[in-house]
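For clarity, every value in this text was computed on a predicted model and none was experimentally measured.
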Amino acid sequence: MDSVRGYPLLVVIDPVARSTDGEAVRIAKDVLCAGAGAKICLPEGPEEFARMLARRGQRRPVVIGDDRALLRVVGLLHKERELAGVPLSMVPVGAPATVALSRALGIPTDTVAAARTVLDGGERPMDLLTDDSDGIVLGSLRIPCGETGRPGPGAAVPRQSSPADPADAADPVDPADSVAPRGGPAAPGDPADGDGPWWRPYARTARTALSLLTAPAAGHLRPGDGRTGGRRARVPGQRLRIEADGVLLADLDRPVRGVSVVPGGRAGNGPGGGGELAEVVVHWPGGGRSVRTRARAVTVSGADFHYRADALVGGPVRTRTWTVQPGAWRLQLPRD
């Protein structure tokens, strides 16, 4: 089924979207309700979210929210082994960084355009990666995980890397940056607020100096970094063993700077033409020539490492295998 006009919808509005941009949520509801019979659900938490999705009946689920809301729905359907039979639609609502995955998948980030895509777009089979712990990856997998953060719902969505160097998204955050984000509000108790300990500015200066002194030991400062106050250091190489379909790409005797795995590289001419593959890229420290290949399964082993699967951080683990599942889910996207 392509157009869903006249078919019943289950519109699940993530609570973060309601608090972030209520106007965009209202516009999306108006467009959807004008074109189809829609049941509006306003879950207050993950448990209620899962319960509403389980009681959808014949209604087609539509998610209004950010990337985490989309990942939550896909994860729930995958866990219940119903993902392949339930086409999904998405209206992204949130800051650009929080809907980066949706944009990469081809979903319009304009609210009206996305809502109209739900009604008049076409279903597309989409690949994903599954790992040996039953986790999923829709857009990209990166090792190391990038910005520091707690695994699961508390983790931050990674910044977008430039096409020239995708592994730059795996650079760590300077410890001094966590004290007060540039251009953002002062931290609680910051002297800029008018109260707080007199020694806090000196402590911050000491932390900044320490980070600058220790950066060369961890890697090296990024030459010609165009970022304001570029104090970031490259991630030191990790010793990992990386295999793609049984072929060794990297071993423990040579550190790697980063690994990325993206589902969706094609072998042949689409479904039935050799199967879907993932694009695997291994980056070396010091700007060495990256290793690129395509594979159905990728295994990474080594000392405890974290990884970033879309917007979530996993690990630490010592070994993990990701396998491409061709056409494992269906997404409503604009027609060509």
Side-chain angles (χ1 to χ4, degrees), residues 1-43 49 52-53 56 59-75 77 86-128 137-140 153 155-163 166 169 183-184 262-264 310-312 329-336:
M1 179 177 68
D2 287 332
S3 175
V4 301
R5 288 185 181 272
Y7 290 86
L9 302 177
L10 178 74
V11 180
V12 183
I13 304 175
D14 187 70
V16 176
R18 303 200 303 267
S19 62
T20 300
D21 193 343
E23 179 64 13
V25 169
R26 183 192 64 78
I27 292 172
K29 286 195 304 180
D30 289 347
V31 175
L32 294 173
C33 292
K39 178 180 180 181
I40 307 298
C41 298
L42 306 172
F49 196 107
M52 290 177 175
L53 186 64
R56 67 187 179 278
R59 295 180 179 273
R60 180 169 177 153
V62 179
V63 182
I64 299 180
D66 60 12
D67 291 342
R68 291 181 181 278
L70 176 62
L71 291 169
R72 185 179 300 118
V73 171
V74 174
L77 293 173
V86 182
L88 293 176
S89 299
M90 173 78 172
V91 179
V93 173
T98 68
V99 295
L101 171 61
S102 301
R103 182 172 57 250
L105 292 173
I107 303 171
T109 53
D110 176 76
T111 301
V112 174
R116 288 176 176 170
T117 297
V118 172
L119 298 173
D120 299 319
E123 293 178 16
R124 306 289 177 82
M126 307 289 288
D127 298 350
L128 56 76
V137 181
L138 303 183
S140 66
V157 176
R159 60 182 173 85
Q160 293 296 291
S161 58
S162 64
V262 179
D310 297 321
L312 304 177
W329 64 299
R330 289 178 290 161
L331 182 63
Q332 191 87 345
L333 294 175
R335 297 179 184 275
D336 293 331

**Message:** How long is the straight-line distance from CG of L42 back to CZ of F49, given to the nearest 0.5 Å?
**Reply:** 11.5 Å

**Asked** Hey, does L333 have a side-chain heavy atom less than 4.5 Å from the side chain of I107?
**Response** yes

**Message:** How long is the straight-line distance from CG of D120 back to CZ of R335, given to the nearest 0.5 Å?
**Reply:** 7.5 Å

**Request:** Indicate the atoms forming the closest heavy-atom contact of A28 with V91, along with that distance.
**Result:** CB-CG1, 3.9 Å

**Complete:** Scanning both residues in full, the closest heavy-atom pair of L101 with G139 reads CD1-CA, 3.6 Å

**Fill in**
Contacts of R59 meeting side chain to side chain donor-acceptor pair (under 3.5 Å) (sequence neighbours excluded), chain-then-number -> none

**Asked** What pair of heavy atoms forms the shortest contact from Q332 to G121, and how long is it?
**Response** NE2-O, 3.1 Å

Donor-acceptor pairs under 3.5 Å, side chain of residues 31-38 to any protein atom, not counting sequence neighbours: which ones?
none

**Message:** By the definition side chain to side chain contact (heavy atoms under 4.5 Å, CB included), identify the one residue from D66, V93, D67 that meets it with T98.
**Reply:** D66

**Request:** Nearest 0.5 Å please: distance from the CG atom of D110 over to the CD1 atom of I27.
**Result:** 8.5 Å

**R60 and P87, any side-chain heavy atoms less than 4.5 Å apart** = yes

**Request:** With rounding to the nearest 0.5 Å, note down the distance linking CG in L10 to OG in S89.
**Result:** 11.0 Å

**Request:** Taking side chain to side chain contact (heavy atoms under 4.5 Å, CB included) as the test, write out the residues that go with D30, two or more places apart.
**Result:** R26

**Message:** Check whether D310 reaches the backbone of L138 with its side chain - one donor and one acceptor, N or O, closer than 3.5 Å.
**Reply:** yes

**Asked** Where do R124 and L331 land on the side-chain contact (heavy atoms from CB on, under 4.5 Å) test, with the steps shown first?
**Response** CA-CA 5 Å; R124 306 289 177 82; L331 182 63; 5.5 Å; no

**Item:** Sequence-distant partners of V86, side chain to side chain contact (heavy atoms under 4.5 Å, CB included), two or more places apart
**Value:** R56, P61, L77, E82, L88

**Request:** Only pairs at least two apart or in different chains count here, so list each side chain to side chain donor-acceptor pair (under 3.5 Å) that has a residue in residues 8-20.
**Result:** D14-R72, R18-E44

**Prompt:** Who pairs with V63 by side chain to side chain contact (heavy atoms under 4.5 Å, CB included), at least two apart in sequence or on another chain?
**Reply:** A69, V73, M90

**Request:** Locate the shortest heavy-atom distance separating G106 from P334; write the atom from each residue and the value.
**Result:** O-CD, 3.6 Å

**Complete:** Between A17 and I64, the two heavy atoms sitting closest are CB-O, 3.9 Å

**Item:** Closest contact, heavy atoms only, I13 versus P43
**Value:** O-CD, 3.4 Å

